[in-house]
Undergrad: 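First, the structure itself, so that you have it in front of you.
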Amino acid sequence: MSNGISLSHQPLYQREGAYIPRVAAVHDLCGYGKCSLGVAIPVLSAAGCDVCPVPTGLFSSHTAFPGWYMHDTTEILPDYLAAWSKIGVEIDAVYSGFLGAPEQVDRIRDLYEMYPRALRIVDPVMADHGHVYPTYTPELCAAMAELAEGADILTPNLTEAAIILDEPIGDAWAGEDITDAEARRLVNALLAKGTRTVVLKGIQRGDGLIRNFVGTQDGAFFEVNNELLPYMLHGTGDLYCSCLLAAVMAGRSTEEAVRFAGDFVHDAMMVSAQQPQFQDRGVSFEPLLGKVAALLA
């Protein structure tokens, strides 16, 4: 690195004047249970971004509910993106999350080819607590792991990190109490795949904190933690990555972005607990969107 300045203190995106950056958000659209595009669009819009959705699937609800319906959009995506190319759509960042089929990784690579200067943000949404999500096949997990190579920002939890690194998952990963040394090993192994910045999420040690470990290509490594609340909510991972990207696209440094994302998710979970049936409906962030807009101040 020139100037001896860590990547964690440098902005990954330079916001210029009144320009509104465009983000291609490659996620599913979920009718009920706030997650994916239902989170990414409002959060990034509040940060002054033009969000261009690329829907990887249509869900009636998130998969924690019984009897959910999914429509796979894989077949429409080549024509969908070709139409963008024909009208000259410009994109400043490609943000991918939940995918519906291995072929959708090829569509993300198409976007990378179409927009070689765009930031690449990969949230490898495929597993948690030692278990792979029900719609994910081994082929899709392997294809998702390939996206880690060359990402500007990668945001896995422990189970997803193990899949990307082809390490065993299962009961050993259900608990998230790992040492700083083990966190550093995992982060460095992911960086070795070519990722520019890794955020390893959700480490818990029974001390009332939830930790995220951050590493960059220039050797920076640090921890950001928040209060661990006594309940879990669906969609917090999507909210975290969307907030992190919102701060990045507002011109904030990586360290500022990861701190903002952690604080925002914590506060949104507090708001959620005041809602009826809050553990079913997902994380409630809407009253806090002003904090995202304030990133531009």
Undergrad: For Thr56, is there any backbone N or O sitting under 3.5 Å from a side-chain donor or acceptor partner on Thr73?
TA: yes
Undergrad: Pairs in or reaching into residues 84-102: which pass salt bridge (charged side-chain N to carboxylate O under 4.0 Å, His left out), with residues at least two apart or in two chains?
TA: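 Residue pairs passing salt bridge (charged side-chain N to carboxylate O under 4.0 Å, His left out), neighbours aside: none found.
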Undergrad: Can you see which heavy atom on Cys30 is nearest to which on Ser61, and at what distance?
TA: SG-C, 3.2 Å
Undergrad: Below 3.5 Å, can you tabulate the donor-acceptor pairs from side chains in residues 278-297 to any protein atom, sequence neighbours excluded?
TA:
from, atom 1, to, atom 2, distance (Å)
Ser284, OG, Lys34, NZ, 3.2
Glu286, OE2, Lys34, NZ, 3.3
Lys291, NZ, Asp267, OD2, 2.9

Undergrad: Judged by atom type as modelled, is there a donor-acceptor pair below 3.5 Å linking the side chain of Thr195 to the main-chain atoms of Leu154?
TA: no
Undergrad: Is a donor from one side chain sitting under 3.5 angstrom from an acceptor on the other, for Glu256 and Ser253?
TA: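 Yes, Ser253 and Glu256 have a side-chain donor paired with an acceptor closer than 3.5 Å.
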Undergrad: How close do His71 and Tyr69 get, heavy atom to heavy atom, and via which atoms?
TA: CB-OH, 3.6 Å
Undergrad: Is a donor on one side and an acceptor on the other found under 3.5 Å between the side chain of Glu160 and the backbone of Asn157?
TA: yes
Undergrad: According to a 4.5 Å side-chain heavy-atom criterion applied to Ile, Leu, Val, Met, Phe, Trp and Tyr, with indirect links allowed, do Tyr136 and Phe65 form part of one hydrophobic cluster?
TA: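 Different hydrophobic clusters.
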Undergrad: Salt bridge between Arg107 and Glu103, side-chain N to carboxylate O under 4.0 Å?
TA: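 No, no charged N to carboxylate O under 4.0 Å.
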Undergrad: What is the ring orientation for His234 with His62, classed by angle as parallel under 30°, tilted 30 to 60°, or perpendicular over 60°?
TA: parallel
Undergrad: Distance-only, no hydrogens or angles: does the Asn212 side chain make a donor-acceptor pair with backbone N or O of Ile203 under 3.5 Å?
TA: no
Undergrad: Is there a side chain to side chain contact (heavy atoms under 4.5 Å, CB included) between Asn188 and Arg184 once you walk through the steps?
TA: CA-CA 6 Å; Asn188 285 341; Arg184 183 185 284 270; 3.5 Å; yes
Undergrad: Donor-acceptor check, side chain of Ser96 to backbone of Val122, threshold 3.5 angstrom: yes or no?
TA: no
Undergrad: Taking a hydrophobic cluster as the set of Ile, Leu, Val, Met, Phe, Trp and Tyr residues connected by side-chain heavy atoms closer than 4.5 Å, whether directly or through intermediates, do Tyr112 and Tyr80 fall within one such cluster?
TA: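 Result: yes, single cluster for both.
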Undergrad: Give a yes or no on whether the backbone of Glu182 and the side-chain of Thr179 come within a donor-acceptor separation of less than 3.5 Å.
TA: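 Yes.
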Undergrad: Can you name the nearest heavy-atom pair linking Thr159 to Gly130, along with the distance?
TA: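 Thr159 and Gly130 have their closest heavy atoms at OG1-N, 2.8 Å.
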Undergrad: Donor-acceptor pair, Gln217 side chain versus Leu191 backbone, under 3.5 Å?
TA: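 Present.
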Undergrad: Applying side chain to side chain contact (heavy atoms under 4.5 Å, CB included), can you list everything that pairs with Ile210, at least two apart in sequence or on another chain?
TA: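 Side chain to side chain contact (heavy atoms under 4.5 Å, CB included) check on Ile210 returns Gln204, Asn226, Leu228.
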Undergrad: Applying the 4.5 Å side-chain criterion to the ILVMFWY set and letting contacts propagate, would Met126 and Met70 be lumped into a single cluster?
TA: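 Yes; tracing contacts between hydrophobic side chains, which count when under 4.5 Å, links both residues.
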Undergrad: Looking at Asp123 and Lys201, does any basic side-chain N land under 4.0 Å from a carboxylate oxygen?
TA: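 Salt bridge between Asp123 and Lys201, a charged N being under 4.0 Å from a carboxylate O: yes.
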Undergrad: If you draw a 6.0 Å radius around CG in Asp166, do more than 12 non-hydrogen atoms from other residues or ligands fall strictly inside?
TA: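 Atom CG in Asp166 is not crowded, with 12 or fewer foreign heavy atoms closer than 6.0 Å.
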Undergrad: If you round to the nearest 0.5 Å, how far is CE of Met144 from CG of Leu99?
TA: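 It comes to 4.0 Å.
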Undergrad: For the residue pair Pro168 and Ala162, what are the closest heavy atoms and their distance?
TA: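 What the structure gives for the nearest pair is O-CB, 4.0 Å.
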